[in-house]
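Contents: one structure, followed by commentary.
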Amino acid sequence: MSQSQNNDNALSEKYQKRTQTKQTKPLLIALAAIATLTLILVAAFALNSDRAKPQNITVGLVLEPTNLNIRETAGVALDQILLDNVYQGLIALKPGTVNEYVPKLAASLPEVSADGKSYSFKLRSGVKFHDGSEFDSEDVVHSLTRGLNKEKLKLGGVEVKATGKYAVTVNLNEPNAMLNWLLAGRNGIIFSSTENNDLNNTAIGTGPFTLAQWQQGDRITLAKNENYWSEAAKLANVTFRFIPDGRAAVNALKDGTLDVHTALGSNLRDEFANNTEYKLVRASSTDVFTLAYNSNRAPFNNPDIRRAVSMAIDTDAIIQSQNGGGLPLGSPITELETGYKDLTAINAYDPQKAREVLTANGLSGSAITITAPNFYDQAPLDIIIEQLRAVGFDAKLELVEFSTWLKKVYSDKDYDISYVDHAEANDFANYTNPAYYFGFNSPEVAKLYKKSLLALDTKTQEKLLTEAATLVAEQAPAKWLYNYTPTLVIRNGVTGFPTANTNSRLNMEDVTAKK
């Protein structure tokens, strides 16, 4: 081999190595890029997979409805579950409030005539009920004609008139400052005009959830409405479990079978003091724990005796027993509602005066019974019994199932004194209705309340309600023990859960729950 051939071979080998190096570098770069892209795709798939996982939540409630007939059955258990979630009205409460409104099945808030007697609504199109039937003005006329003309509403007559397929006018014989409140609650629910289902065990509305299952004695499950007229709910399923026993609720939270509990017993807050998996939230509320006197039964048909019993009760001691879960209240109207005024000085704690009145009326040693649902914290009841005995009553406690309380106290009015949480907001009308379970009858209070309904401005309405509430406090049909602020226990990962008036409605539309 010549020298030139050797040189040529050497150059050839050098060229091949250089060429191989040039070819290898792009290949390595390409492989690295593919690997990086693969990792990105895997991560994105995992993220999307996590997002695609159905979000479910289990919420613990204290009370179970006796049936699902929201038209006829009393009690807030139905409102908590069905209002906003399954059933809707033309308007709804703005979250966190009890006197601000947002449009729902109506496209906007109503146009109100200058005299306050006519409310005109434009309705949304494209809305369907859960059974597939289309929503229009016929459904509104069908529902509101019935819902707003109940005698107890004292509206003085209502005409609901369709002015187009998607337009309705509500005409009143006289102004009513509470009409929006009624429209945003039970009486404003829109049912299909072709409804033929049994309301005791079914529920067909237009809401973001459908009624999926009711296992009586245990739970109610709602499922996402896939054909919802607005943005679909984030949750695939909402399960409401009924756990009246506080210890059982704590155990269910700790073992992960509950994501939220809506009313943790005040004596159980310490269980979660150092638990980083949950947060405790005080819900603002219109709940009023009320000691109601049967004004139709002696001795409570005498206002002096009602006042004396009220003065026998030290509400500060009761509030202290609630571990921060109660606010002072001397009126049936809470701070969240129109007409609130601090009336705690009326019939304030004065056991000596209470004893003198009871003795003067020959009631020392008289037997009285307090009837209360059996799932409440008993500490306040023990305090009340002790305080009534201290002024001379032979006081006894009768604990009953809530269904029994509804029949015995609420319906049959067979009681001396009742202890119960009034969770409904804006319910002052109860003190103007002699047929209500209080049996309280005051023409002066009824007159002031009527004037407040006729008021065309909020300032006048508030003034009249305050005057009416002051009269009620003085006549003492009840002792308003405290404004209850329930403790919510919420698992980390749950966002958007309501934190106002949770004992009367739980709008789950914007709640998320990531495990």
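All heavy atoms count here, side chains included; hydrogens, waters and symmetry mates do not. What you see is a predicted model, and the numbers here were worked out from it, not measured in a lab.
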Give me the ring orientation class for F121 and Y119: parallel if the planes are under 30° apart, tilted from 30 to 60°, perpendicular past 60°.
parallel
Calculate, to the nearest 0.5 Å, the distance between atoms CG and OG1 belonging to N323 and T487 respectively.
7.5 Å
Could I get the full list of salt bridge (Lys or Arg N to Asp or Glu O under 4.0 Å) partners for K94, not counting sequence neighbours?
E100
Are the side chains of I220 and L211 in touch, meaning some heavy atoms are under 4.5 Å apart?
yes
Does a side-chain heavy-atom distance below 4.5 Å link D412 with Y437?
no
Is a side-chain N or O of N187 found less than 3.5 angstrom from the main chain of L182, in a donor-acceptor match?
no
Flag side-chain contact, heavy atom, 4.5 Å: V98 against N501:
yes
Note: F135 and D139 closest approach over all heavy atoms is CA-OD2, 3.2 Å
Is there side-chain contact between I313 and L481, with heavy atoms separated by less than 4.5 Å?
yes
Within the distance-only criterion (no hydrogens, no angle test), does the side chain of S452 pair as donor or acceptor with the backbone N or O of Q461 below 3.5 angstrom?
no
Within the distance-only criterion (no hydrogens, no angle test), does the side chain of N507 pair as donor or acceptor with the backbone N or O of P95 below 3.5 angstrom?
no
May I have all residue pairs that pass salt bridge (charged side-chain N to carboxylate O under 4.0 Å, His left out) and include part of residues 106-117, sequence neighbours excluded?
none
Check whether R306 reaches the backbone of Q475 with its side chain - one donor and one acceptor, N or O, closer than 3.5 Å.
yes
Worked check of side-chain hydrogen bond (donor to acceptor under 3.5 Å, both in side chains) between D79 and S504
CA-CA 6 Å; D79 303 59; S504 58; over 6 Å; no
Are the side chain of R505 and the backbone of D84 linked by a donor-acceptor contact shorter than 3.5 Å?
no
Roughly how far apart are M178 CE and N99 CG, rounded to 0.5 Å?
10.0 Å
Which residues pass the side chain to side chain contact (heavy atoms under 4.5 Å, CB included) test with T369, not counting sequence neighbours?
T371, K396, E398, D416
When you check the gap from the basic side-chain N to the acidic O, do E72 and R146 get nearer than 4.0 Å?
yes
Checking N173 against E159 for the side-chain hydrogen bond (donor to acceptor under 3.5 Å, both in side chains) test, could you report, in this order, the C-alpha distance in whole Å, the side-chain angles of both residues, the deciding distance, and whether it holds?
CA-CA 8 Å; N173 287 346; E159 176 198 39; over 6 Å; no
More than 12 non-hydrogen atoms from neighbouring residues, nucleotides or ligands closer than 6.0 Å to CD on E138, yes or no?
no
Any non-hydrogen side-chain atom of V141 less than 4.5 Å from a side-chain atom of K161?
no
Can you tell me how far apart CG (N294) and OG (S418) are? Round to the nearest 0.5 Å.
9.5 Å
Taking side chain as C-beta onward, heavy atoms only, is I370 less than 4.5 Å from I384?
yes
Just wondering, do D377 and S266 contact through their side chains at under 4.5 Å, heavy atoms?
yes
Check the surroundings of atom CD in E231: do more than 12 heavy atoms from other residues, nucleotides or ligands lie under 6.0 Å from it?
no
Decide side-chain hydrogen bond (donor to acceptor under 3.5 Å, both in side chains) for Q322 and Y484; before the verdict, give the C-alpha distance in whole Å, the side-chain angles of both, and the deciding distance to 0.1 Å.
CA-CA 9 Å; Q322 294 307 291; Y484 175 46; over 6 Å; no
Under 3.5 Å, side chain of S403 to main-chain N/O of T66, donor-acceptor pair present?
no
Taking the six-membered ring where the residue is Trp, are the ring centres of F438 and H422 under 6.0 Å apart?
yes
Smallest separation among heavy atoms of V511 and G496, with atom names
CG2-O, 3.4 Å
Aromatic contact, Y376 with F289 (centres under 6.0 Å):
yes
Could you tell me which non-hydrogen atom of W214 sits nearest to which non-hydrogen atom of P65, and how far apart they are?
CZ2-O, 3.6 Å
Between the side chain of T432 and the main-chain N/O of A429, is any donor-acceptor distance below 3.5 Å?
yes
Could you tell me the separation between the CG atom of L506 and the CD atom of E509, rounded to the nearest 0.5 Å?
13.5 Å
Residues N67, T73; criterion side-chain hydrogen bond (donor to acceptor under 3.5 Å, both in side chains); working and verdict
CA-CA 7 Å; N67 62 59; T73 304; 2.7 Å; yes
ring-ring contact (aromatic ring centres under 6.0 Å, His included): pairs with one or both residues in residues 313-334, sequence neighbours excluded
none
Can a donor-acceptor pair be found, under 3.5 Å and without considering hydrogens, that links the side chain of T466 to the backbone of L464?
no
Enter the distance from F242:CZ to L63:CG here, rounded to the nearest 0.5 Å.
9.0 Å
Throw together a table of side-chain donor-acceptor distances under 3.5 angstrom for residues 201-210, partners on residues two or more places apart or in other chains.
from: N201; atom 1: ND2; to: D198; atom 2: OD2; distance (Å): 3.4
from: T202; atom 1: OG1; to: N197; atom 2: ND2; distance (Å): 2.8
from: T202; atom 1: OG1; to: D198; atom 2: O; distance (Å): 2.5
from: T206; atom 1: OG1; to: Q88; atom 2: OE1; distance (Å): 2.9
from: T210; atom 1: OG1; to: A223; atom 2: O; distance (Å): 3.4

Okay, side chain of Q80, backbone of T502: is any donor-acceptor separation there less than 3.5 Å?
yes
Going from CG on N85 to CZ on F240, what distance comes out if it is rounded to the nearest 0.5 angstrom?
5.5 Å
Taking the side chain as every heavy atom from C-beta outward, state whether V288 and P332 have any atom pair closer than 4.5 Å.
no
May I ask you to decide if T58's main-chain N or O and D259's side chain share a donor-acceptor pair within less than 3.5 Å?
yes
Does the Lys NZ or Arg CZ of R71 fall within the cation-pi geometry relative to F191 - under 6.0 Å from the ring centre and within 45° of the axis?
yes
Where at least one partner belongs to residues 330-340, residue pairs that pass side chain to side chain donor-acceptor pair (under 3.5 Å), sequence neighbours excluded:
T334-E337
